[in-house]
Every structure is written in C-alpha cells, then in structure tokens.
Amino acid sequence: MMRIGFLPSDFNPMILMLGEAEDCRALGGVFRRFARDGADVVFGDLGFCRMIGTDLRLTASAGPPGVEHHDGHAFILRVPPGTAAGFAEQLHDLAEPNRVAGSELLDCGTEDGIAVKVSRGEYTDDFLAGDVTRK
C-alpha cells in the first residue's frame, strides 16, 4: 500500500509517498497512463494508495507545474505529459528488484513550493500511519 501524506515545513514542505516495489511500479503505471491520456487522477481513488490527511490530484490543467494547495481540501500536482513520462521512468528504476531502498524526487522544475518525494525502504512501516481519511 502506497502511503501518501503532506509534511508541512517552513523551509522544505513535501508530499511524501512511501511504498514497496510493487507500489512504485503501480505508481509508474499511473504516470505513464497520465502521460498518454492526460486524464486527471485522484490518488485517494486508486486502490493501492492510502491518503494520510489531504488528498492529491494529478492534472495537466493550465497553470504553473508543481504542487499547489487547493481550497484547503486537496493538493493539485500539475504535471506536463512529457514530465509525467519521465516520472514513470524514475519510478520504474525505483521498483527494480535488486534495489533494496532509495527515493526519487518528482521534480517539475520549480524551485519554490512543495516537493514530491517517492521513497522505498527508507522509513518504518508506521511512518505516515496517522488518521486515514480515504482508502
């Protein structure tokens, strides 16, 4: 189960995604499909994701790339299709069977704002195990 949560910080706020190899492969598939068809994805609606706190929506809608906090109820991750294809490749590498642990930063090229980090094997199983708002 890919656990997704927001870590607030004055200097380095981040959306952290924690999972195992199969979760990273599934997430890579989501980005690959998004790169092809551009349809919005709500991570809380994906069967392999568990949102901790606020939900996250992947979109190619108009606006600057990166993460924005939308109306207090969700984060928007705006990604151009070509960038999404690159993210899929990063996640494929993270899911390699011989890779025990590691992380990838899904960087949209913005220096300010909220980072998105996908991690495998770097945190304990109970990290981001707070109140689950959506399964």
Calculate, to the nearest 0.5 Å, the distance between atoms [atom1] and [atom2] belonging to [X] and [Y] respectively.
{"X": "I52", "Y": "F127", "atom1": "CD1", "atom2": "CZ", "value": "11.0 Å"}
{"X": "K117", "Y": "L16", "atom1": "NZ", "atom2": "CG", "value": "6.5 Å"}
{"X": "L46", "Y": "I4", "atom1": "CG", "atom2": "CD1", "value": "7.5 Å"}
{"X": "M17", "Y": "L27", "atom1": "CE", "atom2": "CG", "value": "5.5 Å"}
{"X": "E68", "Y": "F75", "atom1": "CD", "atom2": "CZ", "value": "10.5 Å"}

Identified side chain to side chain contact (heavy atoms under 4.5 Å, CB included) partner of V116 from the options V79, L105, L106: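 Option passing the side chain to side chain contact (heavy atoms under 4.5 Å, CB included) with V116: L106.
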Q90 and V118, any side-chain heavy atoms less than 4.5 Å apart: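 No, too far: nothing below the 4.5 Å cut-off.
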Would you please name every residue forming a ring-ring contact (aromatic ring centres under 6.0 Å, His included) with [X], sequence neighbours left out?
{"X": "F31", "value": "F87"}
{"X": "F34", "value": "none"}
{"X": "F48", "value": "none"}

With sequence neighbours excluded, residues passing side-chain hydrogen bond (donor to acceptor under 3.5 Å, both in side chains) with [X]:
{"X": "T83", "answer": "none"}
{"X": "S61", "answer": "T59, R78"}
{"X": "D93", "answer": "none"}

All side chain to side chain contact (heavy atoms under 4.5 Å, CB included) counterparts of D125, not counting sequence neighbours: none
Listed partners of R3 passing side chain to side chain contact (heavy atoms under 4.5 Å, CB included), at least two apart: L18, L128
R120 side-chain N/O to L94 backbone N/O, donor-acceptor pair under 3.5 Å: yes
Any donor-acceptor N/O pair, E122 side chain to A101 backbone, under 3.5 Å: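 Flag not set: sc E122 to bb A101 has no pair under 3.5 Å.
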Which atom of A95 lies closest to which atom of C24, heavy atoms considered: CB-CB, 3.9 Å
Minimum-distance pair of heavy atoms, taken over all atoms of P80 and P65: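 That would be CD-CB, 4.1 Å.
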R99: salt bridge (Lys or Arg N to Asp or Glu O under 4.0 Å) partners, not counting sequence neighbours: E104
Qualifying salt bridge (charged side-chain N to carboxylate O under 4.0 Å, His left out) pairs with a residue from residues 7-35, counting only residues at least two apart or across chains: R32-E89
